[in-house]
Amino acid sequence: MINITLPDSSVRQYEAGVTALDIARSISEGLARNVLSAKIDDEVWDATRAIRRDARVQLLTWNDTEGKATMWHSSAHLMAEAIEQLHPGVKFGIGPDIENGFYYDIDPGEKVITEADLVEIEKKMLELAKEKQVYQRTEVTKQEALKHFTEKGDEYKLELISELEDGTITFYKSGTFTDLCRGPHLPDTGFIKAVKLTSIAGAYWRGDEKRKQLTRIYGITFPKAKELEDYLILLEEAKKRDHRKLGKELELFTFSQKVGAGLPLWLPKGAELRERLEQYLKKVQKEAGYMPVITPHIGNVNLYKTSGHFDKYGADSFRPITTPVEGEAFFLKPMNCPHHCEIFSSKPHSYKDLPIRYAEFGTVYRYEQSGELHGLTRVRGFTQDDAHIFCTPDQIKSEFKAVIKIIMRIFKALDFKDFITQISLRDPNQPEKYIGSTENWEKAENAIREVAAEEGLNAIAVEGEAAFYGPKMDFMVRDALGRKWQLGTIQVDYNLPERFDLTYIGSDNEKHRPVMIHRAPFGSMERFVAVLIEHCAGKFPLWLAPEQVIILPISEKYQNYAEKVSQFLKNSDIRALIDDRSEKTGRKIRDAELRKIPFMLVVGEKEEAENAVSVRKQGSGDLGTFSLEAFATMINDEVKKLQENV
RNA sequence: GCCGAUGUAGCUCAGUGGUAGAGCGCUUCCUUGGUAAGGAAGAGGUCACGAGUUCAAUCCUCGUCAUUGGCUCCA
């Protein structure tokens, strides 16, 4: 007998060789029907795999992330089986579960799989699922594994097997499909009740752009048809928040082929919104001791040779601008830091001057690959809310913390709660990607780790995500469709000060090297506004809304009074406009609601007589009648509250 | 940059080898209306751009550009 400890700490005894499914059955049939897999100690196993030792067992169902993962991983196998039956000879790469579903990378040979094929594959999957094919796990030797896939002629699987150690290799077979796989899997395919193959895309084998591009098919499955329906509705809802759609509808920004791909044009309302964000940050930065600087949009190529940007990115940048002078060339600036280094160099500094904080809303230009452009989140010309802090080594941590404080203040003011804090480190396997000494890198990385720990940030460390000159702390937020974007960033840099030979005079009257902190709380105005639009679904906080109030006269007779209200609000620093169309009030209200204008003021005979307005709040309806003064006070108080909500 | 898809009126989209349609928006007129769509008329398109096939191309073929789902990249 073995002892099985359940999550509630109760211990039950079973025969050795018992399966998680048996355990579930011994608790209740209903539970057994829902068990997808099980966590045995800290490893997720098939629910049908024999347990031969004492263990902690947690049964996993659709309600568990790992349960879903099991479902989706098994679904990838099911899809592969369907594809193999419909298109014999297809070769398979990898087919993992992902955050929302699964994919399989396949090499269809001569055939091109298109979206039209997906419907057929879905149908086949459901057919096979109904057969309740059992997922059978077998342990195989490396030799057997190699033999199997040599016979099948699947070079991708052979490559994967060649990297595995003998004795750890398992196959899973379900129906007619056998795959190299670590598992775990569902007991059988019958759990898969609803299937949607969502998209098809090219994906390089092993993520290497020099290797063959396979066809990747993404899909998602559910244990109930209703859940699939709900998921699809959710996706539709998410699309409505897409900043590209809202940006157009709310007239915030646009693009023009004539201007060029990836070069955003801010429309008046978008510019209004952005300027308010900039003014807000300028105020915060002034309080925090930053000094404004302004630098040009181009810089001599030599500047970027010194900084290292030319070597690193020169080949993939906009071509240099040449001049009538032989050999002279300028670059569109891709970064503000080299310019700021030169500002620092413009005069000698004492340790007493440090830290020095230069801030600039600096517009930079980067030649992003054409396939990378995406709305406002990935563009070729954008404005960073950049600043560079030049400090002594022992000021790093306090300066770093002060920056975190600014970022948190902004995120809080805009109600960004779901962000990810990431420590972006070197890839230790690719030292050639970075400049500077190992010693400096370690110092910088340690400083960031220490700050993260001391500030109690729940940060995840990711290797290979650092900038080429230094490690970063990045603040990431997801867009409406779940894609992660980096917003705020703080970077510790020992390298540029060295390359620019920056110095300050210490108390010992010797020259010392300052450390540089690069930081941008918004990241870029473009990307930040994009994420902000999606975050609030276009319903901006009152202080940012390009149009705060719309006045709706009941009829033309009250046009004069509407003008008077408008003038009063403008004098009270409130952004108001009048809907003077010859339309009924219901229509004006509907249009204002759709334009997401925070407040609507209905004015007619009654309001004019009382010098009042009837207030309607976007999304929540009629608030009743207010005197003009009371309304203005209410708006101004709310704006003030929102801005100071920190 | 790579693989796939898409590009028709300001917007959302339908459509056809014989040079085009709807709804919304816009303009004008009627209507002067109290909390999510009042009525009528009208204007508006080189069907992304360039070649090719054809008697004839918005439609078929090729190329370019842009958008888009991913991959790769992201100072």
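Letters A, B, ... are given to chains in the order of the sequence lines, protein chains preceding strands, and every chain is numbered from 1. On a predicted model such as this, the values are computed, not experimentally measured, just so you know.
- Between the side chain of E607(A) and the base of G34(B), a donor-acceptor pair under 3.5 Å is found.
- Straight-line distance between the P atoms of G7(B) and U58(B): roughly 15 Å, to the nearest whole Å.
- Across all strands shown, E249(A) has no heavy atoms under 4.0 Å from either base or sugar-phosphate atoms.
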Could you write nucleotides 37-49 of chain B as a row of B, S and -, 5' to 3', where a protein heavy atom under 4.0 Å of any base atom gives B, of only sugar-phosphate atoms gives S, and otherwise -?
BB-----------
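- If you measure from atom CD1 of I550(A) to atom C1' of U35(B), you get 14 Å, rounded to the nearest angstrom.
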Which dot-bracket string describes RNA chain B (Watson-Crick N1-N3 plus N6-O4 or O6-N4, or G-U N1-O2 and O6-N3, all under 3.5 Å; [ ] crossing; | other strand)?
(((((((..((((....[..)))).(((((.......))))).....(((((..]....))))))))))))....
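- Considering E465(A), Q486(A), E445(A), H518(A) in turn, Q486(A) is the only one that fulfils the side chain to side chain donor-acceptor pair (under 3.5 Å) rule with K472(A).
- Cation-pi check for R380(A) over Y367(A) is met; the charged atom lies under 6.0 angstrom from the ring centroid and within 45 degrees of its normal.
- In this structure, Y358(A) has its ring center at least 6.0 angstrom away from the ring center of Y290(A).
- In this structure, the side chain to side chain donor-acceptor pair (under 3.5 Å) partners of Y156(A), at least two apart in sequence or on a different chain, are D107(A).
- At the heavy-atom level, S614(A) lies under 4.0 Å from base atoms of the strands shown.
- How far CZ of F361(A) is from CG of N336(A): 11.5 Å, rounded to the nearest 0.5 Å.
- Listed in residue order, the members of residues 89-118 of chain A having a heavy atom less than 4.0 Å from RNA chain B come to none.
- Nucleic acid contact class of R616(A) (heavy atoms, under 4.0 Å, all strands): base.
- Between Y313(A) and F468(A), the ring center distance clears the sub-6.0 Å criterion.
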Expected rows: protein N/O vs nucleotides 67-69 of chain B N/O, under 3.5 Å:
{"residue": "U68(B)", "atom": "OP1", "partner": "R244(A)", "partner atom": "NH1", "Å": "3.2"}
{"residue": "G69(B)", "atom": "OP1", "partner": "R244(A)", "partner atom": "NH1", "Å": "3.1"}
{"residue": "G69(B)", "atom": "OP1", "partner": "R244(A)", "partner atom": "NH2", "Å": "2.8"}
{"residue": "G69(B)", "atom": "OP1", "partner": "R483(A)", "partner atom": "NH1", "Å": "3.2"}
{"residue": "G69(B)", "atom": "N2", "partner": "I200(A)", "partner atom": "O", "Å": "3.4"}

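- Ring geometry for F253(A) against H243(A) counts as tilted: the plane angle lies between 30° and 60°, on a 0 to 90° scale.
- Residues that satisfy the side chain to side chain donor-acceptor pair (under 3.5 Å) test with Y469(A), not counting sequence neighbours, are Q491(A).
- Projected onto RNA chain B by closest heavy-atom contact, K472(A) and K245(A) fall at different nucleotides, the more 5' of which corresponds to K245(A).
- With rounding to the nearest 0.5 Å, the separation of CZ in F500(A) from OG in S307(A) is 5.0 Å.
- You'll find a donor-acceptor pair under 3.5 Å spanning the side chain of R378(A) and the base of C73(B), going by distance alone.
- For the pair G207(A) and K588(A), nearest-nucleotide mapping onto RNA chain B gives the more 5' position to K588(A).
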May I have the step-by-step check of salt bridge (charged side-chain N to carboxylate O under 4.0 Å, His left out) for E99(A) and R478(A), ending in yes or no?
CA-CA 13 Å; E99(A) 207 173 328; R478(A) 285 179 190 274; 3.4 Å; yes
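- Comment: D386(A) does not engage R519(A) in a salt bridge, judged by the lack of any side-chain N to carboxylate O separation of less than 4.0 angstrom.
- Donor-acceptor pairing under 3.5 Å, judged by distance alone, is present between the side chain of Q213(A) and the base of C2(B).
- A cation-pi arrangement is present between R216(A) and Y103(A), with the terminal nitrogen or guanidinium carbon under 6.0 Å from the aromatic centre and inside a 45° cone about the axis.
- Look at OH on Y204(A): it is 11 Å from P on G4(B), rounded to the nearest Å.
- For K539(A) (side chain) and G619(A) (main-chain N/O), no donor-acceptor pair under 3.5 Å exists by modelled atom type.
- Comment: E159(A) engages R206(A) in a salt bridge, judged by a side-chain N to carboxylate O separation of less than 4.0 angstrom.
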